[in-house]
Amino acid sequence: HEDHRFMGFGGELSAQITEKAFADLDAPVMRVGGAFTPIPFAGPLEAAALPSDADVMKAVQDLVEF
């Protein structure tokens with residue numbers, strides 16, 4: 001998601017999944033989020049701050065290799 005990896009909706013969701021379904025998980029929960037910076041208005045800077053398709057693919061590949 002586009003929020004920070006922690007202290008937001010995604011961080012809370014991953015924490016609850018880990019707490020309640022840890023025994024059923026085959027791999028750890030992976031989080032992909034935006035950079036820890038205010039979201040800029042300029043297009044190129046916004047693209048650099050938000051997660052990209054490549055970021056998501058890297059997390060998936062890391063998870064599959066786990």
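Along the sequence shown, the residues carry numbers beginning at 1.
Checked by atom type and distance alone, the side chain of D55 pairs as donor or acceptor with a backbone atom of S52 at under 3.5 Å.
When all heavy atoms of P28 and L63 are compared, the closest pair comes out as O-CD1, 3.4 Å.
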Would you tabulate the side-chain donor-acceptor contacts of residues 6-18 under 3.5 Å, counting partners in other chains and residues two or more places apart, or write 'none'?
| from | atom 1 | to | atom 2 | distance (Å) |
| --- | --- | --- | --- | --- |
| E12 | OE2 | Q16 | NE2 | 2.9 |
| S14 | OG | G10 | O | 3.1 |
| S14 | OG | G11 | O | 3.0 |
| T18 | OG1 | S14 | O | 2.8 |

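Here the CE-NZ distance, from M30 to K58, works out to 7.5 Å after rounding to the nearest 0.5 Å.
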